[in-house]
Amino acid sequence: MTHKRVYAFSEGDGHNKKLLGGKGANLCEMTQIGINVPPGFVITTEACLDYLKANALPAGLMAEVKKQIASMEKATGRSFGRGENPLLVSVRSGSALSMPGMMDTILNLGLNDETLDGLIRQTGDERFAYDAYRRFIQLFGKVALGIGDEHFDEHFEAVKQQAGVKVDLGLDAGHLKEISERFLEVVRRESGKDFPQDVFMQLRLAVEAVFRSWMGKRAVDYRREFHITPDMANGTAVNICAMVFGNMGDDCATGVGFTRNPGDGSKEMFGEYLTNAQGEDVVAGIRTPKPLQSMESEMPGLFTQLVALRDKLEDHYKEVQDYEFTIEKGTLYCLQTRNGKMNAAAMVKTSVDMFSEGLISKERAILRIDPELLEQLLHPRLDPDSPARPIAVGLPASPGASSGKCVFDADLAEKLGNAGEHVILVREETRPEDIHGFFAAEGILTSRGGKTSHAAVVARGMGKPCVAGAEGIVVDVSLRLAHAGDYVLREGDVITLDGGTGMVYLGAIPTIPPQFSDDLEELLRWADEIADLKVMANADTPEAAKKAREYGAVGIGLCRTERMFNASDRLPIVIDMILADNKAERVAALDRLLPIQRVDFVELFAVMSPHPVTVRLLDPPMHEFLPTEHDLLDQIRTLQLYRDVVRGRQAALAALPIKRDLPEALSELSEEFVNDALIKKERMLKKVRELKEVNPMLGHRGVRLGIAYPEIYAMQIQAILEALIECTKKGIEVHPEIMVPQVITTQELAHVRRTVDELSAKLEKEFGVKLNFKFGTMIETVRACTRATHLAADVEFFSFGTNDLTQAVFSFSREDAENKFLPMYNASGILRDNPFEVLDTEGVGQLIDMAVTRGRKQRPDLKIGICGEHGGHPASIRFCHQAGLDYVSCSGPRVPIARLAAASAKLQ
Ligand code: PEP
Ligand code: MG
């Protein structure tokens with residue numbers, strides 16, 4: 001700890017924001033590079049921490065402060081607390097990170113009965129002086145003495161009423177004098193003491209109040225909400241600066257500016273000002289400010305100075321600045337500067353422009369943009385000006401916004417979607433067989449499941465908005481309605497989803513379309529040049545692959561083949577395969593699937609050529625392809641009723657004395673037909689019951705399934721290799737990679753490898769070609785991490801499936817955790833992040849590090865990537881870079897974010 005606790009603006013280290021706060025450091029920096037800042041000094045954040053610890057100002061602090069005030073008096077020719085030409089100061093908070101409006105500020109400190117006279121004589125403006133005095137008494141009373149605004153407001157309103165004026169501007173000097181006197185009385189009454197006339201006492205109390213505001217409820221809540229930890233910002237500095245006035249005449253003004261337009265990033269004077277006004281007038285909206293451009297004609301000399309100020313700020317900070325200025329009697333002062341907050345489009349444009357202007361390097365152009373910000377540019381967003389109120393809230397599972405009619409099942413979604421309607425698929429949770437509904441829907445809403453639930457993962461892959469786990473919504477498919485709090489949503493009612501916030505609205509809310517600009521393309525090209533990590537996409541269809549390429553993916557890191565099984569033309573065949581009683585029946589069904597899978601792969605490989613495509617062999621448990629037990633029982637009951645009707649009809653027909661011609665449809669109904677359907681459903685029910693598992697995610701899935709039914713994996717491997725041959729014959733360069741899921745031991749890999757080797761040898765012989773492909777494993781079980789040395793001996797690549805790995809490491813169900821207990825864990829700080837979203841580097845990360853080290857030790861050229869949802873998350877990407885991975889794979893629409901994050905990770 002340093003012992004010096006007070007730094008003049010002319011001596012403080014402009015880079016030490018931790019010690020001086022952001023505002024203080026910038027005031028020092030600006031002073032030292034020759035920008036006209038009123039004289040002042042900073043009391044350090046360390047002094048704040050000392051104060052909070054001891055509940056008393058550190059010994060000697062006020063002596064240091066007095067010394068600084070003496071220097072300010074010298075520099076300004078004014079005196080503090082005395083005389084003709086009084087020095088007034090502002091006392092402002094400022095921590096290492098900006099926390100707008102969270103801590104306290106006092107202006108015009110130094111006014112008392114004596115200096116008030118001085119101010120009146122100096123300015124010749126009694127009204128101005130009393131206005132400053134009454135503002136100061138109230139602000140000081142509130143911040144330093146804890147007197148509520150209402151005590152002051154009551155008197156202010158009383159005087160206004162007496163004077164018969166409606167707006168504050170109508171009050172004259174006499175009224176304001178009376179208000180000041182009443183305010184002094186309020187202080188006496190409420191605090192039990194006179195308002196301090198000793199200006200050093202004022203200063204002392206103000207400094208203490210600013211220090212205390214660091215632990216005020218507002219500030220503490222803000223830090224919790226925005227995850228501001230003590231290593232990011234600890235304590236507030238206090239900035240004490242000579243007051244300058246923008247309201248001393250027509251050669252005075254006050255204003256705010258941005259060095260570039262924060263709306264679109266264009267390079268122009270941007271901001272507004274008011275002549276003969278104080279900062280409060282701008283904030284209070286009493287007068288309408290003018291655009292800075294007007295200053296060119298109104299105050300041409302000062303406008304030139306303002307342009308020079310703007311250029312100097314950008315030139316020095318190499319960043320767009322958001323600054324405040326005041327003009328006092330023709331002299332321009334800069335009172336504050338900080339990095340400008342802009343929307344994503346403006347950030348991207350200013351990055352590319354500032355590089356072309358030679359102001360910043362490509363590296364800086366990349367690092368200054370938070371990759372997550374790009375989300376704004378990639379999906380439609382709700383118009384932020386829309387006043388709509390949400391009717392339900394769920395997890396923001398896939399970004400973007402869209403409106404459509406509620407539909408409660410995938411078949412109807414498909415039907416209406418194909419007829420050109422905009423629909424939102426609303427389900428309790430989605431299942432693989434709902435996939436056709438996803439294709440047709442504008443968005444997905446579920447009342448169960450988290451960010452790695454089926455609905456979330458599939459929607460993200462398709463770039464469609466999804467709100468998952470909105471537990472306030474209760475879906476009743478049989479009644480075709482859903483309850484959302486007090487609202488009843490009927491099928492056909494229009495709703496809007498915001499997948500970026502998790503909000504659900506009634507009716508159609510206007511959206512803002514995404515903007516993928518040339519500037520963004522350029523920036524991402526630079527990112528690719530810099531990054532070590534390659535960015536691939538998780539994609540299962542040629543359309544998704546095409547989209548992913550447009551987003552800049554250089555391959556597919558995960559093709560989940562089960563998605564292909566769910567398309568409506570294959571699901572019946574897949575069901576036949578599952579219902580098969582013996583191998584021969586199963587093989588017959590698989591023989592029908594083989595050509596379909598081959599075509600799938602040919603299309604996928606062709607779209608991605610010449611980049612690699614990683615195909616994962618079938619992973620989910622079989623029951624996912626069958627209806628639920630509940631649905632089947634429903635269907636069986638309906639069929640039984642139907643059979644009774646058919647029997648009754650036949651009996652009635654037999655009893656008819658005269659047989660007349662009956663409508664064809666009626667006469668076609670046969671009991672046999674219904675019985676056949678019933679038998680099939682009952683078989684299915686039996687199978688569903690056989691396949692039922694208590695924990696299916698930890699049950700008969702992945703490679704365990706592939707070993708139990710080797711002909712399924714054999715069909716998929718054959719389809720992949722035949723697609724490779726077909727593409728090669730067509731002159732398309734392809735690099736397939738076969739990936740095995742859920743592996744725990746090398747013996748499992750050996751099993752699958754044998755099939756791969758046999759089939760490739762056979763096909764190579766048959767077609768007279770050499771087949772080039774890779775064989776690899778997912779690493780998504782804890783055992784796979786611990787046995788990485790052995791697994792690496794059998795494969796050419798590892799791909800971390802961090803969805804399952806996180807589930808396994810935490811022993812949290814990925815389907816339930818996010819809307820059951822995780823929010824509570826996050827809110828109470830037991831877990832800072834949702835581990836299914838932000839990679840848990842401390843736990844899961846340790847296993848990844850271990851598996852990478854062991855795998856590469858065994859096989860130095862082992863290719864390693866990640867394909868869990870974390871592959872698209874910037875902080876997780878940084879970890880992957882540090883862990884030495886070769887690639888990340890994420891849903892297509894997150895590819896641009898991942899590209900930028902991969903470059904940032906390299907540069908950080
Ligand atoms: C994973 O577990 O991380 C993974 C990518 O596989 P899935 O989400 O399909 O289980
Ligand atoms: Mg998995």
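Whatever order the structure lists them in is the order used to number ligands and atoms, beginning at 1.
If you run side chain to side chain contact (heavy atoms under 4.5 Å, CB included) between Glu711 and each of Gln716, Arg586, Met577, only Arg586 comes through.
Between Arg560 and ligand 1, at least one N/O pair is under 3.5 Å apart.
Residue-ligand proximity, Leu558 to ligand 1, at heavy-atom distances under 4.0 Å covers atoms 5 (C). Of all atoms in ligand 1, numbered sequentially from 1 with element shown, those under 4.0 Å from a heavy atom of Met778 are 4 (C), 5 (C). Taking a cut-off of under 4.0 Å to the non-hydrogen atoms of Gly801, the atoms of ligand 1 that pass are 1 (C), 2 (O), 3 (O). Against a heavy-atom cut-off of under 4.0 Å, Asp804 is close to the following atoms of ligand 1: 1 (C), 2 (O), 3 (O), 10 (O). Counting atoms of ligand 1 from 1 in the listed order, those under 4.0 Å from a heavy atom of Cys867 are 5 (C).
By the 4.0 Å heavy-atom criterion, His870 is excluded from the residues contacting ligand 1. Taking a 4.0 Å cut-off on heavy atoms, Gln807 fails to register as neighbouring ligand 1. In this structure, Arg814 counts as a contact residue of ligand 1, since one of its heavy atoms falls inside 4.0 Å of the ligand. Put simply, part of Arg701 is less than 4.0 Å from ligand 1, judged by heavy atoms.
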For this session: Kindly indicate, with the supporting measurements, whether the criterion side-chain hydrogen bond (donor to acceptor under 3.5 Å, both in side chains) is fulfilled by Asn566 and His436.
Result: CA-CA 8 Å; Asn566 273 296; His436 54 299; over 6 Å; no
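Salt-bridge check for Arg814 with Asp804: passed, with a basic side-chain N closer than 4.0 Å to an acidic carboxylate O. With respect to the salt-bridge test (charged N to carboxylate O, under 4.0 angstrom), the residues Glu372 and Arg894 qualify.
The six-membered or imidazole ring of Phe879 lies away from that of His873, with a centre-to-centre distance of 6.0 Å or more.
A donor-acceptor pair under 3.5 Å links the side-chain atoms of Thr561 to the main chain of Arg616, judged by distance alone.
Between the side chains of His735 and Glu737, no donor-acceptor pair is found at a separation under 3.5 Å.
Distance check, rounded to the nearest 0.5 Å: CD1 of Ile578 to CD1 of Ile573 gives 12.0 Å.
Around atom 6 (O) of ligand 1, the closest heavy atom drawn from Glu869, Arg616, Met697 belongs to Arg616.
By the criterion of a heavy-atom distance under 4.0 Å, both the backbone and the side chain of Asn803 are placed next to ligand 1.
Note on the Mg ion (ligand 2): protein N, O or S atoms under 2.8 Å away count 2, no waters included.
Residue-environment remark: NZ (Lys863) exceeds the threshold of 12 foreign heavy atoms within 6.0 Å.
Applying the side chain to side chain contact (heavy atoms under 4.5 Å, CB included) rule to Leu698 yields the partners Asn695, Gln807; only residues at least two apart in sequence or on another chain are considered.
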Using distance only, find each side-chain donor-acceptor pair of residues 843-852 under 3.5 Å and give its atom names and separation, not counting sequence neighbours.
none

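Listed by first and then second residue, the ring pair (Phe, Tyr, Trp, His ring centres under 6.0 Å) pairs involving residues 775-820 are Phe810-Phe812, Phe812-Phe821 (not counting sequence neighbours).
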